[in-house]
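Note sheet for the following structure.
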Protein chains: 2
Amino acid sequence: MQRSVSIKDVANLAEVAVGTVSNVLNNPDRVSNRTKEKVLRAIDELGFVRNDAARQLRAGHSRTIGVVVLDVGNPFFTAIARAAEDAAEAHGSAVLLGDSGQDSARESHYIDLFQEQAVQGLLISPVGNILDRIDNLRERGIPTVLVDRRADESRYSSVSVDDDAGGYLAARHLLDLGRRRLAFVGGPLHLAQVAERLAGARRAIDNTPGATLEVLDSGAQSVLAGRRIGDSLAARDKAGIPDGIFCANDLLALGVMQSITMMNGLAIPDDVALIGYDDIDFAASAVVPLSSIRQPTEAIGRSAIQLLMADLGNPGHKHQAITFTPELVIRRSTAGPAAPAEQHTEAPALSN
Amino acid sequence: MQRSVSIKDVANLAEVAVGTVSNVLNNPDRVSNRTKEKVLRAIDELGFVRNDAARQLRAGHSRTIGVVVLDVGNPFFTAIARAAEDAAEAHGSAVLLGDSGQDSARESHYIDLFQEQAVQGLLISPVGNILDRIDNLRERGIPTVLVDRRADESRYSSVSVDDDAGGYLAARHLLDLGRRRLAFVGGPLHLAQVAERLAGARRAIDNTPGATLEVLDSGAQSVLAGRRIGDSLAARDKAGIPDGIFCANDLLALGVMQSITMMNGLAIPDDVALIGYDDIDFAASAVVPLSSIRQPTEAIGRSAIQLLMADLGNPGHKHQAITFTPELVIRRSTAGPAAPAEQHTEAPALSN
DNA sequence: TTCAATCTTTGAAACGATTCATTGTTACGT
DNA sequence: ACGTAACAATGAATCGTTTCAAAGATTGAA
């Protein structure tokens with residue numbers, strides 16, 4: 001490995017000072033055209049690439065934004081990440097993606113990494129309790145925006161969707177269909193998203209005499225975890241099987257659907273109505289098209305970057321907690337036996 | 001924004017020299033236990049986080065590996081990325097993920113970024129022709145492994161799956177069902193994966209008298225693009241509709257499936273047999289469970305990191321092109337009308 | 001021609017970690 | 001008690017940029 005070409009080599013070849021080369025790179029308008037040209041020619045000739053480590057060391061920050069998501073395997077999060085990427089690019093920043101996999105050690109690992117790399121800022125959909133960590137990051141000049149988790153807006157910026165309302169919508173919908181023995185599938189239960197969706201569902205149940213809600217902890221939030229829950233349900237005798245199931249995300253719902261429809265004579269929605277959460281692309285093309293609670297991923301990603309940029313431009317500024325409202329998307333998995341309808345309202349609503 | 005805590009502050013508090021602090025971090029066995037403890041306590045107390053820019057500047061390299069994937073929205077790639085992440089972690093490196101979104105400008109952008117960040121190495125599933133770029137990176141000490149694209153093994157390391165064989169398998173399977181008017185859906189057609197899968201399919205067709213293959217360029221490789229193609233197919237009169245469709249990936253296939261089964265009286269597999277590619281998790285839970293060509297994502301990600309590590313340990317070493325063999329997974333979308341079978345062979349095969 | 005104002009260019013001083021030749025300590029065999 | 005080897009700790013030099021005060025060049029007005 002050869003020694004790399006430095007700004008000094010360029011300066012030598014172009015017969016100017018190193019500061020001038022730096023200016024050509026960073027403040028082109030301060031340099032005369034003649035000089036600029038000479039320098040650019042030299043850069044080209046030597047194949048010079050700026051050493052970002054050195055630049056960062058001096059400048060104190062990089063041009064990248066770190067994004068830590070809960071689960072890259074979940075299309076909901078990659079959709080957000082993509083939107084963030086596009087928005088960041090428009091601001092001249094690049095996005096680096098880390099996957100915590102719902103593991104708080106891994107999450108912490110990525111935060112360390114991004115801090116070491118001195119990213120401009122951080123977007124994070126948190127697993128563990130990291131509010132203290134965020135305070136600390138801010139003190140060190142790294143503003144952070146919470147994604148998919150609301151936090152006290154006097155101290156933190158966040159972009160979230162009202163999970164309690166979403167949970168309520170889902171359960172209410174099942175109850176409106178006449179279902180009374182409901183089950184909630186999700187986990188780990190201490191995850192804020194899961195807990196709030198459950199709380200919302202419980203609220204709907206409590207309003208409805210005779211309705212019950214069984215909570216099934218799936219441990220994880222994957223298709224596989226859903227399949228495991230589905231298997232355990234299918235093994236029960238008919239009377240013990242709920243007539244409506246609300247899953248904390250679509251992956252779980254698809255897993256439950258797979259095992260319920262395959263292993264057993266159970267029909268969706270006739271025997272069991274099923275609703276998921278997130279409305280990922282695959283929900284519409286499931287064995288039985290899946291009803292779901294839609295969250296505006298594009299808007300989430302974009303707003304998160306906006307909040308971050310606001311923070312960057314003006315460190316002491318007021319934080320903001322943006323909350324979107326989720327909407328119910330009804331498909332066959334919760335439709336009456338005969339109705340194949342695909343229906344939903346458009347236009348995500350923005351509140352606060 | 002306050003000045004950040006440096007190694008010097010730690011040294012002061014622990015009452016040792018800066019070199020010692022550095023040693024605690026990088027060569028713990030050269031430091032006595034008593035000192036190590038003092039230093040660690042100081043680090044903890046100050047909340048010190050090493051500035052990676054400075055470290056990199058001096059050390060010449062970082063502890064991160066860049067991964068550029070074609071499409072984070074495709075579970076196939078995120079599965080590979082995850083496997084790579086796990087493998088890298090085992091070697092003490094972290095993975096940073098970039099999404100080229102099948103856009104070669106964006107790809108180039110990420111390569112620049114990772115080069116500036118002086119990553120240890122790069123994994124990339126290329127959009128454009130970047131072999132020259134890779135030579136250049138190698139000269140600068142950044143080894144690169146091509147993922148999901150085979151390259152001349154005398155000059156490049158690569159991990160791929162035999163797309164031509166996969167294409168052949170898929171088309172052969174449709175032909176074996178008695179289908180003759182086939183369509184290939186994929187795009188952009190200049191993407192190597194797409195072109196090779198098409199070539200493989202064509203090979204099968206050419207062996208079969210009376211069989212035809214229509215090529216439908218989908219432009220992109222998403223559920224949406226598939227839905228568009230499906231819509232245009234459904235609009236044809238019955239005679240013009242192919243009786244077998246091979247999609248270059250599962251997202252496209254799911255999109256085609258959605259629009260074909262919804263918009264029109266067409267039944268899968270009776271009227272149209274449908275097969276996808278990649279065997280993502282969602283294929284099994286589709287409206288009609290989707291037949292597909294499975295690629296061993298876990299093995300791909302893991303091997304790619306292995307090749308990279310081999311290159312890192314020994315720069316002048318011989319490159320290797322690993323090629324996996326894809327396998328056919330038959331589900332209902334290509335089964336006889338009555339047969340609901342889910343069947344596939346196990347154990348991914350490794351050749352070369 | 002001179003002076004001031006403006007525009008360019010210069011080059012040394014950071015930034016914060018790692019490295020490594022030195023110096024200081026300890027332990028042990030004789 | 002002495003010499004020596006092994007071990008620990010030191011701190012100045014270094015990596016490649018950016019920054020910025022200062023010097024130098026150019027211009028136009030008087």
Side-chain angles (χ1 to χ4, degrees), chain A residues 1-40 42-43 46-64 112-113 115-118 120 140-142, chain B residues 1-40 42-43 46-64 112 115-118 120 140-141:
Chain A
M1 175 167 65
Q2 68 203 46
R3 199 181 67 76
S4 66
V5 180
S6 84
I7 212 176
K8 215 162 166 179
D9 302 316
V10 174
N12 277 131
L13 181 59
E15 299 178 298
V16 298
V18 293
T20 304
V21 177
S22 175
N23 276 333
V24 169
L25 260 31
N26 304 298
N27 309 86
D29 37 336
R30 274 193 218 158
V31 183
S32 74
N33 281 331
R34 249 165 48 79
T35 313
K36 207 182 317 190
E37 226 173 276
K38 262 196 311 186
V39 171
L40 288 176
I43 285 180
L46 296 172
F48 167 79
V49 176
R50 173 219 267 102
N51 180 327
D52 199 50
R55 155 162 200 267
Q56 225 175 95
L57 176 55
R58 187 63 242 253
H61 65 98
S62 69
R63 293 224 130 275
T64 56
D112 287 347
L113 180 66
Q115 184 174 0
E116 285 189 5
Q117 302 243 330
Q120 289 179 282
R140 298 256 160 77
I142 302 183
Chain B
M1 174 170 64
Q2 68 200 48
R3 203 180 65 77
S4 66
V5 178
S6 84
I7 210 176
K8 212 161 166 182
D9 302 316
V10 174
N12 277 131
L13 181 59
E15 299 178 300
V16 298
V18 292
T20 304
V21 177
S22 175
N23 276 333
V24 170
L25 259 32
N26 304 296
N27 309 87
D29 37 334
R30 276 191 215 159
V31 183
S32 76
N33 281 331
R34 250 167 45 81
T35 312
K36 207 180 321 190
E37 226 174 276
K38 260 195 312 186
V39 171
L40 288 176
I43 286 180
L46 296 173
F48 166 79
V49 175
R50 169 218 272 105
N51 178 328
D52 199 50
R55 157 160 199 265
Q56 226 175 92
L57 177 57
R58 186 67 242 257
H61 65 97
S62 73
R63 296 224 130 273
T64 55
D112 287 348
Q115 181 175 1
E116 285 189 0
Q117 302 240 327
Q120 288 181 283
R140 296 257 159 72

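Chain letters run A, B, ... following the sequence lines, proteins first and then strands; every chain starts at 1. Just so it is clear, the values below take in all heavy atoms, side chains as well, and ignore hydrogens, waters and symmetry mates.
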Original post:
Within a strict 4.5 Å, meaning less than it, do heavy atoms of the A:Gln117 and B:Gln117 side chains meet?
Top reply: yes
Subject >> Interatomic distance, A:Asn51 atom CG to B:Gln115 atom CD [nearest 0.5 angstrom] >> reply: 10.0 Å
Original post:
Nearest-Å distance, CD (A:Gln56) to P (D:dG16)?
Top reply: 16 Å
Original post:
Among residues 46-54 of chain B, which contact DNA chain C at a heavy-atom distance under 4.0 Å?
Top reply: B:Phe48, B:Arg50, B:Asn51, B:Ala54
Original post:
Does A:Ser32 place a side-chain N or O at less than 4.0 Å from the phosphate oxygens OP1/OP2 of C:dT9?
Top reply: yes
**OP:** List the steps and the verdict of side chain to side chain contact (heavy atoms under 4.5 Å, CB included) for B:Val16 and B:Lys38.
**Re:** CA-CA 9 Å; B:Val16 298; B:Lys38 260 195 312 186; 4.1 Å; yes
**OP:** Ignoring the backbone of A:Asn23, work out which of D:dA9, C:dT19, C:dT10 is nearest its side chain.
**Re:** C:dT10
**OP:** Take the protein atom NZ of A:Lys8 and the nucleotide atom P of D:dT14, then report the distance between them rounded to whole Å.
**Re:** 10 Å
**OP:** Report yes if the side chains of A:Leu13 and A:Phe48 come closer than 4.5 Å at any heavy-atom pair, otherwise no.
**Re:** no
**OP:** May I have the distance from A:Glu15 (atom CD) to C:dG11 (atom P), rounded to whole angstrom?
**Re:** 13 Å
Original post:
Nearest of D:dT18, C:dT19, C:dT9 to any side-chain atom of A:Ser22?
Top reply: D:dT18
Original post:
Would you say the side chain of B:Arg63 lies within less than 4.5 Å of the side chain of B:Arg55, judging by non-hydrogen atoms?
Top reply: yes
Subject >> Minimum side-chain heavy-atom gap B:Asp52-B:Ser62 below 4.5 Å >> reply: yes
Original post:
Rounded to the nearest 0.5 Å, how far apart are CG of A:Leu25 and OG1 of A:Thr20?
Top reply: 11.5 Å
**OP:** Check whether any side-chain nitrogen or oxygen of A:Thr20 sits under 4.0 Å from OP1 or OP2 of C:dT9, and answer yes or no.
**Re:** no
Original post:
To the nearest Å, how far apart are A:Leu25 CG and D:dT17 P?
Top reply: 9 Å
**OP:** Would you indicate, yes or no, if C:dC15 has its OP1 or OP2 atom less than 4.0 angstrom from a side-chain nitrogen or oxygen of B:Ser6?
**Re:** no
**OP:** State whether A:Arg30 places a side-chain N or O below 4.0 Å from either non-bridging phosphate oxygen (OP1 or OP2) of C:dT8.
**Re:** no
Original post:
Considering only side-chain heavy atoms of A:Leu57, which listed nucleotide, C:dT9, D:dA8, D:dG16, is closest?
Top reply: D:dG16
Original post:
For the side chain of A:Arg55, counting heavy atoms from C-beta on, which of C:dT18, C:dT9, D:dT17 is nearest?
Top reply: D:dT17
Original post:
Does a side-chain heavy-atom distance below 4.5 Å link B:Arg50 with B:Ile7?
Top reply: no
**OP:** Send over the distance from B:Asn33 CG to C:dT25 P, rounded to a whole Å.
**Re:** 20 Å
**OP:** Give B:Val31 one of three labels, base, sugar-phosphate or nothing, depending on what nucleic acid heavy atoms sit under 4.0 Å from its own.
**Re:** sugar-phosphate
Subject >> B:Asn27 CG - D:dA8 C1' separation (whole Å) >> reply: 13 Å
Original post:
Taking CD1 from A:Ile7 and C1' from C:dA12, how many angstroms apart are they, rounded to a whole number?
Top reply: 14 Å
Original post:
For D:dT19, does OP1 or OP2 lie under 4.0 Å from any side-chain N or O of A:Arg58?
Top reply: no
Subject >> Interatomic distance where NE2 belongs to A:His61 and C1' belongs to D:dT18 [whole Å] >> reply: 11 Å
